[in-house]
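Remember, predicted model here, so these are calculated numbers, not experimental data. Each residue takes its place number in the sequence, starting with 1.
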Amino acid sequence: MKSLVNLIVKFVSYAALLFAVAQIIATDAKLQSFKENSNTEHAQDIILFISFGLALFIGYKFNKVKTLSYTLAALLLISFIREMDAFFDAVLFHGAWVYFAGAALVAYFFLIYKKIGSINSEIELIKEHISLGMVTIGLLIIHVFSRLYGRKKMWKALMGEDNFIRIVKDASEEGIELLGYTIIFIGIIELYLFARKSLV
């Protein structure tokens, strides 16, 4: 009975999160804005940064998945820095985000270089858990599917060369990205719950 209650609580909580995500996209649709300062973009940044912090915490707290969690945290931090490229361009100079991403990569290797060999055994621990699958799917949505889905050529073919409306393409593409980041966030929550229960 306890397992069923936990499942229902998770379902309702994640459904509420997805509802909030959909509402954020709907708000930007009313504002006709999906640029760098849109609510959808800000939501991506917030979810990314929280996910990074949680992954970092999991690595610090649970030694059995330390390398894997730090690897995930590094990926999320670099993604966050990339999402903030417009901010770095405005405050510093064009392409400044690359240097910050490089620094994050160096810091990552400094943290895990002695334990890189343990990543296989850590993956073995969670390979059948839902968290690994969710994070993997989220990464594929963001870095593969959304890029292909957002191709202008496809949208022009759909709407017609003369009737192409960029904001429709942007809304769809940014919405897909936000969904991908949300799936990763849920996956990291699941990883934390699993680690707290099974890896202490």
Open item on the list: I'd like to know whether Glu177 forms a side-chain contact (heavy atoms from CB on, under 4.5 Å) with Glu174, so could you lay out the CA-CA distance, the side-chain angles of the two residues, the decisive distance to 0.1 Å, and finally the verdict.
Closed with: CA-CA 5 Å; Glu177 280 193 31; Glu174 295 300 331; 4.0 Å; yes
With a sphere of 6.0 Å drawn around [atom1] of [X], does it hold more than 12 non-hydrogen atoms of other residues, nucleotides or ligands?
X: Phe49; atom1: CZ; value: no
X: Ile167; atom1: CD1; value: yes
X: Ile165; atom1: CD1; value: no
X: Phe164; atom1: CZ; value: yes

State plainly whether one hydrophobic cluster holds both [X] and [Y], where clusters connect Ile, Leu, Val, Met, Phe, Trp and Tyr through side-chain heavy atoms under 4.5 angstrom apart.
X: Ile141; Y: Ile130; answer: yes
X: Val144; Y: Leu178; answer: no
X: Leu77; Y: Val98; answer: yes
X: Phe100; Y: Phe109; answer: yes
X: Ile142; Y: Phe145; answer: yes

Task: side-chain contact (heavy atoms from CB on, under 4.5 Å) evaluation trace for Val65 with Ile58 - done: CA-CA 8 Å; Val65 287; Ile58 293 169; 3.9 Å; yes
[X] vs [Y] side-chain heavy atoms within contact, under 4.5 Å:
X: Leu68; Y: Leu72; value: no
X: Trp97; Y: Arg82; value: yes
X: Ile184; Y: Met134; value: no
X: Phe93; Y: Tyr99; value: yes
X: Leu105; Y: Ile78; value: yes

Is a donor on one side and an acceptor on the other found under 3.5 Å between the side chain of [X] and the backbone of [Y]?
X: His129; Y: Phe194; value: no
X: Ser121; Y: Ser118; value: yes
X: Ser172; Y: Val168; value: no
X: Arg151; Y: Leu148; value: yes
X: Asp28; Y: Asn39; value: yes
X: Lys169; Y: Lys152; value: no

TODO: Would you check, one step at a time, whether the test side-chain contact (heavy atoms from CB on, under 4.5 Å) holds for Leu179 with Val21?
DONE: CA-CA 8 Å; Leu179 175 62; Val21 164; 5.6 Å; no
Separation of [Y] [atom2] from [X] [atom1] (nearest 0.5 Å):
X: Leu17; Y: Ile189; atom1: CG; atom2: CD1; result: 7.0 Å
X: Leu139; Y: Ser79; atom1: CG; atom2: OG; result: 7.0 Å
X: Ile188; Y: Ser51; atom1: CD1; atom2: OG; result: 4.5 Å
X: Ser13; Y: Leu18; atom1: OG; atom2: CG; result: 11.0 Å
X: Phe185; Y: Phe52; atom1: CZ; atom2: CZ; result: 14.5 Å
X: Ser69; Y: Lys61; atom1: OG; atom2: NZ; result: 13.5 Å

Open item on the list: Please verify the inter-ring angle class for Phe57 with Tyr192; under 30° counts as parallel, over 60° as perpendicular, anything in between as tilted.
Closed with: tilted
TODO: Dump the intermediate steps for side-chain hydrogen bond (donor to acceptor under 3.5 Å, both in side chains) on Tyr181 and Glu83, then the final yes or no.
DONE: CA-CA 12 Å; Tyr181 288 131; Glu83 287 288 342; 2.9 Å; yes
Task: Check: Tyr149 ring centre within less than 6.0 Å of Trp155 ring centre - done: yes
Task: Ionic contact status for Lys66 with Glu122, cut-off 4.0 Å - done: no
Task: SB check Glu173 Arg166 (cutoff 4.0 Å) - done: no
- [ ] Only one of Thr40, Ile46, Ile47 passes side-chain contact (heavy atoms from CB on, under 4.5 Å) with Gln44; say which it is.
- [x] Thr40
Task: Nearest heavy-atom neighbours spanning Ile126 and Ser131 - done: CD1-OG, 4.5 Å
